[in-house]
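Values reported hereafter were calculated over all heavy atoms of this structure, with side chains retained and with hydrogens, waters and symmetry mates removed. In this chain, numbering begins with 1 at the start of the sequence shown.
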Amino acid sequence: MDSKTLTRDAEPEPEEAEPGRRRVGRVKAALATALLTAVTVILACRAADSDGFTPVTQALAFLPWLLVPAAAGLLLTVLARWRTGMVWAVVALGGVAWYLEPYGDTNAPKGPAVAELRVMTSNVEFGKGTPGLVEAARAERPDLLFVQECDPPCAALLRKAFPKSVYPYRQAVDAYGAEGSVILAKVPLKDGERLPGTLGMPSAVADVQGHEVRVQLAHPMPPLPKGVSLWREELGRIRAYAAAGEGRPTIVAGDFNATQDHAAFRSVLDAGLRDAARLDGSSRAPSWPAAAPAPLGAQIDHVLATPDFSARDARFLEIGDTDHRALAVTLTLHGSDPGDD
């Protein structure tokens, strides 16, 4: 008997290999099922306009990245020759792609431009990012500067770097840790009704070239595993503030701890606000965590404004020593359309 005969005899017959192939196919199908089930649950909550429950609430912040497990699920179903699974995976991929579309309209205001201001917001992570923020603010020269997690050392550094000759107006919640927040302004501010919240959220009414603009710093609690209800409640207070504007120009800026894929954040937009980054074509630019390379991460830092504002020159900035990127954008206030008279 020659070597060729021995080699042929050692090869398993097709019927002997079939059980092994079936086992491998079942494993691939099981892995695909796990991936696609997770994607489907998250998409179902998004479709139902619900933020669901932990960990769905947190996963919604990264909804675009569901393309990865959905695509992996499709590959596994193809390898497993599971036709039903292939259809499931294609539907899941289509669902993710559908919700990648930015939320909200971008129609430009029809009236003439009557005022303009540069707005900047930054979470400095317990004050650690304040030196970088100072440098960035000197370059961007915002008229309104919203700072979250600004503890007393942060507030002192801001006063030193930006004396009253630079920012003569200030509204703040002076506190340690994440509770401190401040609004610095080059335009006149008067007191506004401060929103109650776990973290400081000062309010003001600004005089922007003779036009009264409501100004609110946003910093609701994050959706921690045992704190989703509180997160939803505090975003609801921001929504109520927006809805109470009665058509007055309004700007709400800060760390919302939410993205456009969260129903609680969309309800804030639906109360009469638009996302400035969305208006300028940057609706998916990530702002957190700053350590994640673009395009990874989620956009949870926002500048929102009523539809009488247009937006341009939105920039997400690395300032260092904080887990957030700062956001700077130019807002232009438009008057009423002469055609409406």
- Task: Sequence neighbours left out, what passes salt bridge (Lys or Arg N to Asp or Glu O under 4.0 Å) with Asp301? Give chain and number order.
- Result: none
- Query: For Asp105, which residues count as a salt bridge (Lys or Arg N to Asp or Glu O under 4.0 Å) partner, sequence neighbours excluded?
  - Reply: Arg274
Test your reading of the model: is there a side-chain donor-acceptor pair from [X] to the backbone of [Y], 3.5 Å cut-off?
X	Y	value
Gln299	Ala285	yes
Thr330	Asp313	no
Thr77	Leu74	yes
Asp151	Gly177	no
His262	Leu60	no
His302	Ala258	yes
Arg232	Ala264	no
Gln58	Pro223	yes
Gln148	His219	no
Thr322	Asn123	yes

Would a 4.5 Å heavy-atom cut-off, applied to side chains only, mark [X] and [Y] as touching?
X	Y	value
Val90	Met86	no
Glu234	Leu230	yes
His211	Val114	yes
Pro295	Trp65	yes
Val213	Val187	no
Pro142	Tyr167	yes
Pro131	Asp321	no
Arg118	Arg141	no

Using a cut-off of 6.0 Å, state whether more than 12 heavy atoms not belonging to [X] lie near its atom [atom1].
X	atom1	answer
Gln209	CD	yes
Arg81	CZ	no
Arg237	CZ	yes

- Item | Pair Thr306-Asp308, side chain to side chain donor-acceptor pair (under 3.5 Å): steps then yes or no | CA-CA 6 Å; Thr306 41; Asp308 41 11; 2.6 Å; yes
Return the [atom1] to [atom2] distance between [X] and [Y], rounded to the nearest 0.5 Å.
X	Y	atom1	atom2	answer
Thr121	His324	OG1	NE2	9.5 Å
Phe265	Trp231	CZ	CH2	10.5 Å
Met120	Ile319	CE	CD1	6.5 Å
Ile42	Leu66	CD1	CG	4.5 Å
Phe146	Ile251	CZ	CD1	6.0 Å
Tyr103	Asp270	OH	CG	3.5 Å

- Is Lys186 close enough and on-axis enough to Tyr169, meaning under 6.0 Å and within 45°, for cation-pi? no
- Item | Cationic tip of Arg170 above Phe162 ring, under 6.0 Å, 45° of axis | no
Considering all heavy atoms, the nearest [X]-[Y] contact:
X	Y	answer
Ala305	Leu331	CB-CD1, 4.2 Å
Ile300	Thr259	CG2-CG2, 3.8 Å
Gly200	Ser181	O-OG, 2.9 Å
Leu304	Phe256	CD1-CZ, 3.7 Å
Gly73	Leu35	N-CD1, 4.0 Å
Ser283	Pro102	OG-CG, 3.1 Å

Please determine whether residues [X] and [Y] belong to a single hydrophobic cluster, defined as Ile, Leu, Val, Met, Phe, Trp and Tyr linked transitively by side-chain heavy-atom distances below 4.5 Å.
X	Y	result
Leu273	Met201	yes
Val268	Leu195	yes
Val173	Leu199	no
Leu317	Val329	no
Val68	Leu43	no

- Task: Indicate yes or no: does Arg284 engage Asp261 in a salt bridge with an N to O separation below 4.0 Å.
- Result: yes
- Task: Verify side chain to side chain contact (heavy atoms under 4.5 Å, CB included) between Val134 and Arg138, making sure each step is shown before the conclusion.
- Result: CA-CA 6 Å; Val134 168; Arg138 284 173 173 162; 3.6 Å; yes
- Message: Working note: Thr250 + Arg214, criterion side chain to side chain donor-acceptor pair (under 3.5 Å); need CA distance, chi angles, decisive distance, verdict.
- Response: CA-CA 5 Å; Thr250 299; Arg214 300 164 72 232; 2.9 Å; yes
- Starting from Trp82, walk the hydrophobic network (Ile, Leu, Val, Met, Phe, Trp, Tyr; side-chain heavy atoms closer than 4.5 Å) and list everyone else you reach, by chain and number. Leu36, Trp88
- Message: As a quick check of understanding, evaluate side chain to side chain contact (heavy atoms under 4.5 Å, CB included) for Val252 and Ile238, giving each step before the final call.
- Response: CA-CA 9 Å; Val252 185; Ile238 296 171; 4.1 Å; yes
- Of Val182, Val124, Leu133, the residue whose pairing with Cys154 passes side-chain contact (heavy atoms from CB on, under 4.5 Å): Val124
- What do the steps show when you test Val147 against Leu184 for side chain to side chain contact (heavy atoms under 4.5 Å, CB included), and what is the final call? CA-CA 8 Å; Val147 188; Leu184 298 181; 5.6 Å; no
- If we ignore angles and hydrogens, is there a donor and acceptor under 3.5 Å between the side chains of Thr332 and Glu116? yes
